[in-house]
Structure formats: C-alpha cells, structure tokens
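For the numbers below, each heavy atom of this structure counts, side chains included, while hydrogens, waters and symmetry mates do not. Numbers here simply count residues along the sequence, with the first being 1. Here the structure is a predicted model, which means the values were calculated and not measured.
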Amino acid sequence: MDLEAILDVMGCKTRRDIINLLTDEPRFVSEISKELEVGQKAIIEHLRAMEELGLLSSSFQKIERGRPRKYYDISQDIQIQIFIGPGAIKMNVIGQEFSELHTLEGRIHMGETEVTDELLKLIKKYDDAKKHAERLLAELETSKEEKSQEEPRKTSN
C-alpha cells in the first residue's frame, strides 16, 4: 500500500471519521452520512477513494424490503510508523506484503474488469519472491550443515 496515499487519506478529517465509525461495524452510505452529518455524495466519494486504495472493502447485503444495501468495512489492519528526529524522517507501512493484491481486489469489487495483466504481473512478482526466499533458505541450510560438519573436526584436533 502506498504510504503517500494512506497519509493523504488520513489527512482528511471526514475520512478519519468514516474509518472511526467503521471500526465498530460495517455500515452503508446513508448511515455514515446521517451519523457524520455529511452529504451522501461526499460520503460516496470518500468511500470510493478509500476502497480504491484498499483501506475499505464493500459487500451487498439483502434487507427485508427493497434492494440490497452496499455495506463498507475496514478491509485490513494497517500500521504506520513515523519517526521524526534531527536529520531524519522515516515513514513505513508495516505489514503491507499483499497491499497491491488488496488494491486490485478493491478495484475488482468496484466493477473494474481490466486488471488481468496487473494480476498476472503480481503473480509473477510473488513467484519470484518465493523463489528468492527458497534460495536464501537453501543457502542458510547449507551453511548450517557446513558449520555442523566443521565442529567435529575442530574438537578432534
């Protein structure tokens, strides 16, 4: 997940208020609008931006009468570290391993269907990362085996 985009979203008080409401339970547009006393059009735009970013997810739920309502919920835990000190500013999003996947998922849920190429690239990226991690693991295991074989030689001398 893009740190700058998260900070942009969190820089808006209305969006922070929406997220705060959604920590309790999923809600639909008119509930959020009424609770925050903000127009539904504005709420929809805020929700759309946060869903595209991957902060929120949505689902339709049937109600007793009428058409299904679209409920919004927080899609994932996000932790941001910000360090500000003399000569240094460091910002980091913790636990963002699958943020690109969550973003694509949000776009798909919003009705976007032209994400096939991006999904294929992401799958390749994850496959490459897995292969790299497997090579590192093999190197570690080889190194441990070599060290364990050297130890008996050292003690016998």
Exercise. Check side chain to side chain contact (heavy atoms under 4.5 Å, CB included) between Leu140 and all other residues, then give those that pass, not counting sequence neighbours.
Key: none
Quiz item: After noting the C-alpha distance and the side-chain angles of Leu53 and Asp8, does the key distance pass the side-chain contact (heavy atoms from CB on, under 4.5 Å) rule?
Solution: CA-CA 11 Å; Leu53 182 59; Asp8 283 347; over 6 Å; no
Self-check item: side-chain hydrogen bond (donor to acceptor under 3.5 Å, both in side chains) partners of residues 17-44, not counting sequence neighbours, each pair once
Solution: Lys13-Asp17
Exercise. Not counting sequence neighbours, which residues clear side chain to side chain donor-acceptor pair (under 3.5 Å) with Asp128? List them please.
Key: Lys124
Exercise. Please report the C-alpha distance between Leu136 and Glu139 in whole Å, then the side-chain angles of each, then the deciding distance to 0.1 Å, and finally whether the side-chain contact (heavy atoms from CB on, under 4.5 Å) criterion is met.
Key: CA-CA 5 Å; Leu136 290 173; Glu139 285 177 24; 4.3 Å; yes
Quiz prompt | Distance (rounded to the nearest 0.5 Å) between Leu21 CG and Ile74 CD1 | solution = 9.5 Å
Practice problem: Can you measure from CD1 (Ile43) to OH (Tyr72) and round to the nearest 0.5 angstrom? | Solution: 10.5 Å
Quiz item: Would you say the side chain of Ile32 lies within less than 4.5 Å of the side chain of Val38, judging by non-hydrogen atoms?
Solution: no
Please set out all donor-acceptor pairs under 3.5 angstrom arising from side-chain atoms of residues 82-91, sequence neighbours excluded.
none

Quiz item: Is Leu7 reachable from Ile19 through a run of hydrophobic residues whose side-chain heavy atoms are each under 4.5 Å from the next?
Solution: yes
Self-check item: Test side chain to side chain donor-acceptor pair (under 3.5 Å) applied to Lys125 - qualifying residues, sequence neighbours left out
Solution: Glu100
Quiz prompt | Residues which pass salt bridge (charged side-chain N to carboxylate O under 4.0 Å, His left out) with Glu52, listed by chain and number, not counting sequence neighbours | solution = none
Quiz item: Of all residues at least two apart in sequence or in a different chain, which pass the salt bridge (charged side-chain N to carboxylate O under 4.0 Å, His left out) check with Arg16?
Solution: none
Quiz prompt | Qualifying residues under salt bridge (charged side-chain N to carboxylate O under 4.0 Å, His left out), relative to Lys130, sequence neighbours excluded | solution = Glu134
Quiz prompt | Interatomic spacing from NE2 in His46 to CD1 in Ile18 - rounded to 0.5 Å | solution = 5.5 Å
Listed pairs under 3.5 Å, donor-acceptor, residues 55-70 side chains, sequence neighbours left out:
| residue | atom | partner | partner atom | Å |
| --- | --- | --- | --- | --- |
| Ser58 | OG | Glu51 | OE2 | 2.6 |

Exercise. Tell me, please, which residues at least two apart from Glu118 pass side chain to side chain contact (heavy atoms under 4.5 Å, CB included).
Key: Leu104, Arg107, Val115
Self-check item: Hydrophobic cluster of Tyr71, others only, ordered by chain and residue number, side-chain cut-off 4.5 Å
Solution: Phe28
Quiz item: How would you list, by chain and number, every residue that makes a salt bridge (charged side-chain N to carboxylate O under 4.0 Å, His left out) with Glu145, sequence neighbours excluded?
Solution: none
Self-check item: From CD1 (Ile6) to CE (Met50), nearest 0.5 Å
Solution: 12.5 Å
